[in-house]
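Along the sequence shown, the residues carry numbers beginning at 1.
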Amino acid sequence: MNLFNRGTMFRRSEPADASAPPTGSSATATAVLPNPGLAALTGEWAIDPAHSRIGFSVRHAMVTTVRGAFLEYQSRLYFDGRDPSSSQAEIIVSTASVDTGVEQRDAHLVGRDFLDSARYPRMRFASTSVEVAGPDVYRMTGDLTIKAATRPVVLELTYIGHVTDPFGYQRAGFDGTTTINRSDWGLTYDSKLAEGGAMVSEKVRLQFDIAAIRTPPVG
């Protein structure tokens, strides 16, 4: 998964002219700078599937929430701790690997009403830009492809931390989330309830609980 992509370099704002009158109802926001302690994390990373979750949640019958995850995926990540805007991310998911814990429901999800895995075996997220949104918070824009549709989405990512595990591997954690309207990607199943309303909500929350392992340099 290429998790972070190129954008505009962040620079510290020039100090305002003290003699100039204020504009607007509030002071100009100060630019958010990347955490300098993350510079050492710059490099290639890969998602550790054993300790990560690429999941979703959706309201069912207007009263409960169904949660699921995709169990098979490939990833490429590049994180630039000095300039997060140069980071990149890509993840390719096997749509047939969906798992909600109910076999009959999973079979419905991979069918033509939803993911249509026989015709569209993969879905893909590829980043297009990254911004620092706050301390340890990043806003990643990217293209999400499901079935035959590709549309932009914005992930809110929180940096959790990094460690070196007992085996000598460097690990870093990120949590990300975004909400999409499933019909925008051709997931148009539209069963209605007798009392009115949809059996399955149009809004789907995507969740990325990522544990990444640093890839050793080649050579």
Side-chain angles (χ1 to χ4, degrees), residues 1-14 26 28-49 52-57 70 73-93 95 120 122-162 170-187 203-215 217:
M1 165 178 167
N2 259 356
L3 189 68
F4 304 87
N5 196 357
R6 181 165 303 280
T8 303
M9 188 89 157
F10 291 95
R11 296 182 176 89
R12 187 180 300 275
S13 298
E14 293 298 327
S26 62
T28 302
T30 302
V32 180
L33 298 176
N35 182 347
L38 299 182
L41 300 183
T42 299
E44 300 283 343
W45 297 73
I47 295 176
D48 175 11
S52 302
R53 182 178 183 273
I54 297 175
F56 62 90
S57 59
F70 294 94
Y73 48 86
Q74 298 176 323
S75 65
R76 289 192 309 125
L77 312 173
Y78 175 76
F79 179 65
D80 191 327
R82 298 180 183 85
D83 175 18
S85 68
S86 295
S87 301
Q88 301 176 2
E90 180 184 21
I91 182 166
I92 299 174
V93 176
T95 57
Y120 304 100
R122 290 175 294 277
M123 61 183 182
R124 176 178 182 260
F125 172 80
S127 63
T128 55
S129 67
V130 176
E131 301 174 1
V132 178
D136 294 333
V137 178
Y138 302 88
R139 184 171 295 115
M140 178 188 295
T141 301
D143 291 329
L144 176 64
T145 300
I146 304 176
K147 299 175 78 169
T150 299
R151 294 180 178 274
V153 297
V154 179
L155 299 182
E156 295 291 333
L157 288 170
T158 300
Y159 167 67
I160 305 302
H162 71 278
Q170 289 184 287
R171 294 179 174 270
F174 290 88
D175 284 347
T177 185
T178 190
T179 299
I180 66 171
N181 186 319
R182 61 183 175 87
S183 293
D184 290 342
W185 281 267
L187 309 179
K203 292 183 178 180
V204 180
R205 185 180 182 215
L206 304 181
Q207 300 149 317
F208 299 81
D209 301 322
I210 302 299
I213 299 178
R214 187 165 193 164
T215 304

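- Between the side chain of T150 and the backbone N or O of T145 there is no donor-acceptor pair closer than 3.5 Å.
- A donor-acceptor pair is defined here as one N or O able to donate and one able to accept, closer than 3.5 Å; such a pair exists between the side chain of S52 and the backbone of A211.
- What you find for P84 and V132 is that their closest heavy atoms are CG-CG2, 3.8 Å.
- Qualifying side chain to side chain contact (heavy atoms under 4.5 Å, CB included) partners for Y120, counting only residues two or more places apart in sequence or in other chains: D116, K147, A148.
- Rounding to the nearest 0.5 Å places OH of Y73 at 4.5 Å from CD1 of I54.
- R182 places a side-chain N or O within 3.5 Å of a backbone atom of L187 that can act as its donor or acceptor partner.
- Atom-to-atom distance recorded for N181:CG and K203:NZ is 8.5 Å, nearest 0.5 angstrom.
- For R171, the side chain to side chain contact (heavy atoms under 4.5 Å, CB included) test picks out D48, H51, V163, D165, I213, with sequence neighbours left out.
- Within the 4.5 Å cutoff, side-chain heavy atoms of T42 are placed close to those of Y78.
- Of the possible donor and acceptor atoms, one in the side chain of W185 sits under 3.5 Å from a partner among the backbone N and O of L144.
- Across T215 and A46, no two heavy atoms sit closer than the pair OG1-N, 4.0 Å.
- The CD1 atom of I91 lies 11.5 Å from the CZ atom of R124; values are rounded to the nearest 0.5 Å.
- A pairwise comparison of heavy atoms in E44 and L77 identifies OE1-O, 3.0 Å as the closest pair.
- To the nearest 0.5 Å, the span separating CD on Q74 from CD1 on I47 amounts to 11.0 Å.
- Between Y159 and F174, the two ring planes are tilted [angle within 30° to 60°].
- With hydrogens and angles ignored, the 3.5 Å screen pairs a side-chain donor or acceptor of T177 with a backbone N or O of L206.
- Interatomic distance, OG1 of T178 versus CG of L155, reported as 5.5 Å (0.5 Å rounding).
- V154 is linked by a side chain to side chain contact (heavy atoms under 4.5 Å, CB included) to R139, T141, E156, counting only residues two or more places apart in sequence or in another chain.
- To the nearest 0.5 Å, the span separating CD1 on I146 from CG on D184 amounts to 10.0 Å.
- R214 is not listed as a side-chain neighbour of F79, based on a closest heavy-atom distance of 4.5 Å or more.
- Taking all atoms of both residues into account, the shortest heavy-atom contact from L38 to Y138 is CD1-OH, 3.0 Å.
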